[in-house]
Visitor: 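Quick one: this structure, given as structure tokens, is what I'll be asking you about.
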Amino acid sequence: MTTDLLFAIRGVRVNNILNVDHLDIRKEKVTCITGESGAGKSTLMKLLNKMISPDSGEIFYEGAPLKDIDSVQHRRKAVMLSQVPLIFPGTIKDNLMMGYMLNGSKPDGDEVLKQALHNMQMTKELDEDAGTLSGGEKQRLALARILLLAADVYLLDEPTAALDEDTEMMVLGHFIAEIKKKHASLIMITHSRKVNEQYADERIDLSQLPFREEMEKNI
Ligand SMILES: Nc1ncnc2c1ncn2[C@@H]1O[C@H](COP(=O)(O)OP(=O)(O)OP(=O)(O)O)[C@@H](O)[C@H]1O
């Protein structure tokens, strides 16, 4: 296995949902995952975040079997943002602080928090109630929350689906610039052709993986 491999997926099967014979995801790249609805994109992200385990096969993270890595430790390094972002009761600042707390890391000061919000195109103040934010603002708050963490891998499941295209491109542009500065990796599900064309270093189309036809014949 070469050293630039982040995840190596070998013969992985999850029920009749996902069947990946051989898939490599490289370090320090922006990898965009596309595929029709129901193709198993979110399921793949949950596997990589160790929220679920495969029925068969093996996933390697930086060369080590993922099954042997402690789940909590793994999730601190490989943080995931699910399709519907989790917003906690309280202020915007409370929500940003929750990220540090769950990640077990030392919080930054208010100026850093404000800059993260600004980079995510948020014009709200730290002491505003997070509960009244719009869907798109909640997505951006959740993005700011994970961007503040010193993670190695960011797993984003349609992170900007609620944003208009211009805002989406700006938010992702900032997010990716920060990721590159940290030498981290980004794996992102997107339905946007523009995002895929402009930002992806690597592209995985789950509908096109060669196993899929074979699997569908067997259902
Ligand atoms: N826990 C589960 N039990 C049974 N079926 C499931 C489970 N999780 C997902 N599925 C099914 O597996 C298929 C793939 O789901 P998944 O959420 O991975 O798709 P997706 O490619 O992310 O779709 P979308 O683009 O619509 O979000 C779907 O048909 C879904 O209903």
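Counting convention: from 1, in listed order, for ligands and their atoms alike. Computed over heavy atoms, backbone and side chain alike; hydrogens, waters and symmetry mates excluded.
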Visitor: Give the residue and atom name of whichever protein heavy atom lies nearest to atom 17 (O) of ligand 1, and the separation in Å to one decimal.
Guide: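 Result: Ser42 CB, 3.5 Å.
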
Visitor: Are any of the heavy atoms in His191 under 4.0 Å away from ligand 1?
Guide: yes

Visitor: Tell me, do Leu102 and Met97 make a side-chain contact under 4.5 Å, heavy atoms counted?
Guide: no

Visitor: Output yes when a protein non-hydrogen atom is found under 4.0 Å of atom 19 (O) of ligand 1, and no otherwise.
Guide: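 It does: a protein heavy atom is found less than 4.0 Å away from atom 19 (O) of ligand 1.
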
Visitor: Short check: is a protein heavy atom less than 4.0 Å from atom 1 (N) of ligand 1?
Guide: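 Given the 4.0 Å limit, the answer for atom 1 (N) of ligand 1 is no, no protein heavy atom qualifies.
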
Visitor: Classify the side-chain pair Tyr154/Lys182 by whether it contains a donor and acceptor separated by less than 3.5 Å.
Guide: yes

Visitor: Can you tell me which residue and heavy atom of the protein come closest to atom 25 (O) of ligand 1, and the distance to 0.1 Å?
Guide: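 Residue, atom and distance for the closest contact: Lys41 NZ, 2.7 Å.
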
Visitor: Which ligand 1 atoms, with their elements, are less than 4.0 angstrom from a heavy-atom of Glu36?
Guide: 21 (O)

Visitor: Report the nearest protein non-hydrogen atom to atom 27 (O) of ligand 1: residue, atom name, distance rounded to 0.1 Å.
Guide: Gln83 NE2, 3.0 Å

Visitor: Starting from atom 26 (O) of ligand 1, locate the nearest protein heavy atom and write down its residue, its atom name and how far away it is, to 0.1 Å.
Guide: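 Going by distance alone, atom 26 (O) of ligand 1 is nearest to Ser37 OG, 2.5 Å.
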
Visitor: Are Lys180 and Asp201 within salt-bridge range, i.e. N to O under 4.0 Å?
Guide: yes

Visitor: According to a hydrophobic-cluster definition based on side-chain heavy atoms being under 4.5 Å apart (Ile, Leu, Val, Met, Phe, Trp, Tyr only), do Met45 and Leu18 belong together?
Guide: yes

Visitor: If we ignore hydrogens and angles and just use 3.5 Å, is the side chain of Asn49 paired with the main-chain N or O of Met51 as donor and acceptor?
Guide: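 Pair absent, no side-chain N/O of Asn49 close to backbone of Met51.
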
Visitor: Please write down residue, atom name and distance for the protein heavy atom closest to atom 15 (O) of ligand 1.
Guide: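 Answer for atom 15 (O) of ligand 1: Thr43 OG1, 3.8 Å.
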
Visitor: Does the distance from a Lys or Arg side-chain N to an Asp or Glu carboxylate O, for Asp55 and Arg13, drop under 4.0 Å?
Guide: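 Salt bridge: no.
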
Visitor: Looking at atom 31 (O) of ligand 1, would you say a protein heavy atom lies below 4.0 Å from it?
Guide: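 No, there is no protein heavy atom closer to it than 4.0 Å.
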
Visitor: Look at atom 7 (C) of ligand 1 and say which protein heavy atom is nearest, naming residue and atom and giving the distance to 0.1 Å.
Guide: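 Nearest protein contact, heavy atoms only, for atom 7 (C) of ligand 1 is Ile17 CD1, 3.8 Å.
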
Visitor: Using a strict threshold of under 4.0 Å (side-chain N to carboxylate O), is an ion pair present between Lys114 and Glu111?
Guide: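 The answer is yes: the pair qualifies as a salt bridge.
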
Visitor: Looking at Asp205 and Ser207, would you say the former's side chain and the latter's main chain have a donor-acceptor pair under 3.5 Å?
Guide: yes

Visitor: On a heavy-atom basis, I'd like to know which of Gly40, Ser207, Gly38 is closest to atom 28 (C) of ligand 1.
Guide: Gly38

Visitor: Taking the non-hydrogen atoms of Ala39, is any one of them nearer than 4.0 angstrom to ligand 1?
Guide: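 It does; at least one heavy atom falls under 4.0 Å.
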
Visitor: Closer than 4.0 angstrom, basic N to acidic O: yes or no for Lys50 and Asp70?
Guide: no

